[in-house]
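Following: one structure in C-alpha cells, then a few remarks.
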Amino acid sequence: MIWLFITLGILLLLLLVAARWAFHYTFVRGHNDVLALLENTDHFLYPYGEMIRENMERIDRSPHTIHTVTSFDGLKLSARLYPAENARGTVLVFHGYRSTALRDYACAVDMYRGFGFDVLMVEQRCSGESEGRVITFGIRERHDVLSWVAYLNEQYGTDRPLFLSGLSMGAATVMMATALPLPPNVRGIVADSGFTTPADIIGTVAKRDFHLPRWLTLPFLNMSAHLFGGFGLYEANALDALKGNAIPMLFIHGEADSFVPCDMSRRAFAVCAAEKRLITVPNAEHGCGYLVDPERLSAVLGEFFEENM
C-alpha cells in the first residue's frame with residue numbers, strides 16, 4: 001500500500017511540475033527580443049522588417065511624454081503620448097501578446113496623428129516599462145483599458161472623443177473591455193486580428209504547433225492558471241462582451257492569418273450588437289493588413305473616425 005501512495009505522490013509531483021512549466025511558458029512575462037522576428041527570414045514580418053525598424057527608430061525619437069497609472073491590482077502601468085497638432089481627440093492603442101506598442105504601431109502613429117488625434121501608446125502589463133508578471137490574454141488587461149480611459153478623462157475632461165485600437169491580444173483586450181462601464185466619450189473601437197476567447201486561441205496554437213488536442217490542453221492550462229496565476233481562462237471573452245456592446249466597432253483581419261484565424265473576427269463581428277463593419281485583407285498575414293494595403297485601410301479608418309466623432 002505504501003508503494004501506491006509513493007507512486008501517486010510522484011505522479012502528483014510530476015503533474016505539478018508540468019503545470020508550472022506550462023504556466024510559465026504560456027502566461028509569464030517574456031523577455032524576448034521583439035526585433036528578432038523582423039530579422040527572421042522565415043517569419044511573416046520579415047518582408048516589412050526594414051520599414052518597421054525605421055519607423056520604430058523614428059517614432060522613438062519623436063517628441064512624446066511618459067504617463068503612468070496604477071492598475072486595479074496595484075501594478076504601475078506606462079504609456080507614451082504622441083501629440084497631434086490641434087488634436088481633436090485621442091486614440092489609445094493596445095499591442096499584442098509579448099510584443100510592444102512601439103513595434104505593433106510604429107507604422108500607424110503618423111496615420112492616427114494625421115487624422116487629428118493624439119496617440120497614447122499603451123505598454124500592456126508585463127511589457128516594456130509596465131509592471132506585471134502574468135499575461136492573462138485580455139482577462140485582467142481589459143480592466144487596464146478602463147484605467148487608461150479614466151486617466152485621460154481626468155487630464156482632458158469627458159468631452160474629449162476617445163477611440164480604442166487593439167492588435168491581436170490587444171484587440172481581444174479592447175473587445176473584452178466593452179463589457180465594462182466605458183464612458184460615453186469612447187466613440188469607437190478598432191479590433192485588428194483579435195481572437196474570440198483565450199481558450200480558443202490557446203487551443204488553436206496548441207493543436208497547430210504542438211499537435212495537442214483541446215480536451216487535454218485547455219483543462220490543464222486552466223488548472224495551471226488557477227494554481228499559479230489566480231485566474232481562469234473562462235472568466236471573460238470577446239464574444240460574450242460584444243453581445244451587449246453599444247460602441248461602434250471596426251473589425252480588421254488578414255485573410256491569410258496563420259496565427260489568429262480570420263474566422264475569429266468573422267465570429268466576433270456576427271455577435272457584436274453595435275454598429276459594425278468588417279474589413280478583411282487578402283494575402284495579409286497576422287496583424288499585417290495595414291502593411292499590405294495601407295491606402296485602403298487608411299481610408300476605412302478615416303471614415304470610421306469621422307462617422308463616430
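Worth knowing before you read on, the calculation uses all heavy atoms, side chains too, and leaves out hydrogens, waters and symmetry mates.
- In terms of modelled atom types and a separation under 3.5 Å, the side chain of R187 and the main chain of M309 share a donor-acceptor contact.
- Remark: the backbone N or O of D73 is not paired with any side-chain donor or acceptor of H143 at under 3.5 angstrom.
- Residues V186 and V174 are members of one and the same hydrophobic cluster, defined by side-chain heavy-atom contacts under 4.5 angstrom among Ile, Leu, Val, Met, Phe, Trp and Tyr.
- Separating the CZ atom in R20 from the CG atom in L15 is a distance of 14.0 Å, to the nearest 0.5 Å.
- Here the side chains of M176 and V145 are not in contact, with every heavy-atom distance at 4.5 Å or above.
- Judged purely by atom type and a 3.5 angstrom limit, S130 uses its side chain to pair as donor or acceptor with the backbone of S78.
- Residues L250 and I247 are members of separate hydrophobic clusters, defined by side-chain heavy-atom contacts under 4.5 angstrom among Ile, Leu, Val, Met, Phe, Trp and Tyr.
- A distance-only check finds a donor-acceptor pair linking the side chain of R98 to the backbone of V28 [under 3.5 Å].
- Under a cut-off of 6.0 angstrom, the local environment of CD in E129 is sparse, with at most 12 non-hydrogen atoms contributed by other residues, nucleotides or ligands.
- Between T197 and Y234, every side-chain heavy-atom pair lies at or beyond the 4.5 Å cut-off.
- Here the side chains of I202 and L218 are in contact, with some heavy-atom distance below 4.5 Å.
- Taking a 6.0 Å sphere around CD of E50, one finds it holds 12 or fewer heavy atoms contributed by other residues, nucleotides or ligands.
- Checked by atom type and distance alone, the side chain of D104 pairs as donor or acceptor with a backbone atom of G96 at under 3.5 Å.
- Counted within 6.0 Å of CG on D159, heavy atoms from surrounding residues, nucleotides or ligands total 12 or fewer; the atom is thus considered open.
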Given F269 and L242, is the side-chain contact (heavy atoms from CB on, under 4.5 Å) satisfied, shown in steps?
CA-CA 8 Å; F269 174 80; L242 291 173; over 6 Å; no
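- In this structure, M223 CE and H226 NE2 are separated by 10.5 Å, a value rounded to the nearest 0.5 Å.
- In this structure, the separation between CZ on F304 and NZ on K276 is 13.0 Å, given to the nearest 0.5 Å.
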S258 vs E285, test: side chain to side chain donor-acceptor pair (under 3.5 Å). Steps then yes/no.
CA-CA 7 Å; S258 61; E285 253 287 2; 2.5 Å; yes
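- By the 30° and 60° cut-offs, the orientation of the rings of F27 relative to F23 is tilted.
- Checking side-chain atoms of Y82 against main-chain N and O of I59 turns up a donor-acceptor pair under 3.5 Å.
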Stepwise, does the side-chain contact (heavy atoms from CB on, under 4.5 Å) test hold for F305 with V91?
CA-CA 10 Å; F305 291 131; V91 177; 4.2 Å; yes
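- Formation of a donor-acceptor pair under 3.5 Å by the D118 side chain with backbone atoms of A84 is found in this model.
- With hydrophobic clusters built from ILVMFWY side chains whose heavy atoms lie under 4.5 angstrom apart, M264 does not share a cluster with I189.
- When all heavy atoms of L102 and M56 are compared, the closest pair comes out as O-CG, 3.6 Å.
- The two atoms that bring I52 and L291 nearest to each other are CD1-CD1, 4.2 Å, heavy atoms only.
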Given the rule in the side-chain contact (heavy atoms from CB on, under 4.5 Å) test, do L162 and L182 qualify, once you have shown the distances and angles that lead to the verdict?
CA-CA 10 Å; L162 304 178; L182 292 168; over 6 Å; no
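- For the pair N153 and P183, the tightest heavy-atom approach, listed with the atom from each and the gap, is ND2-CG, 3.5 Å.
- Inter-residue side-chain proximity for R277 and E303 is flagged as met; some heavy-atom pair is nearer than 4.5 Å.
- Between atom CG of residue D200 and atom CG of residue L239 there is a gap of 7.0 Å, rounded to the nearest 0.5 Å.
- Side chains of T136 and E141: a donor-acceptor N/O pair is present below 3.5 angstrom, by distance only.
- Rounded to the nearest 0.5 angstrom, Y290 OH and I252 CD1 are separated by 10.5 Å.
- In plain terms, the two heavy atoms of I139 and A236 that are nearest each other are CG1-O, 4.1 Å.
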Using the rule given for side-chain contact (heavy atoms from CB on, under 4.5 Å), can you reason through D263 versus R266, listing the C-alpha separation, both sets of side-chain angles and the distance that settles it, and then say yes or no?
CA-CA 5 Å; D263 187 57; R266 294 191 179 102; 4.1 Å; yes
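- Here the CG atom belonging to N308 is positioned 5.5 Å from the CZ atom belonging to F163, to the nearest 0.5 angstrom.
- In this structure, T41 contributes its side chain and Y46 its backbone to no donor-acceptor pair below 3.5 Å.
- Looking only at side-chain heavy atoms (C-beta outward), L233 and F137 stay at 4.5 Å or farther from each other.
- In this structure, the side chains of F228 and H24 stay at 4.5 Å or more apart for every pair of heavy atoms.
- Taking the six-membered ring for Trp and the full ring otherwise, F44 and F259 have centroids separated by 6.0 Å or more.
- Linking ILVMFWY residues whenever their side-chain heavy atoms come closer than 4.5 Å, directly or via other members, places M121 and F115 in the same cluster.
- Between E123 and K76 there is no salt bridge, since no side-chain nitrogen of the basic residue lies less than 4.0 Å from a carboxylate oxygen of the acidic one.
- Distance alone, capped at 3.5 Å, is enough to place a donor-acceptor pair between the Y105 side chain and the L167 backbone.
- For the pair R214 and G203, the tightest heavy-atom approach, listed with the atom from each and the gap, is NH1-CA, 3.8 Å.
- V122 and M111 sit in two unconnected hydrophobic clusters of ILVMFWY residues. Membership requires side-chain heavy atoms under 4.5 Å apart, directly or through other members.
- For the residue pair C272 and N245, the shortest heavy atom distance occurs at SG-ND2, 3.8 Å.
- Between the side chains of H64 and S62, no donor-acceptor pair of N or O atoms lies under 3.5 Å.
- Without hydrogens or angle criteria, T178 side chain to M175 main chain gives a donor-acceptor distance under 3.5 Å.
- No side-chain heavy atom of T70 sits less than 4.5 Å from a side-chain heavy atom of S147.
- In this structure, the side chains of F210 and T217 stay at 4.5 Å or more apart for every pair of heavy atoms.
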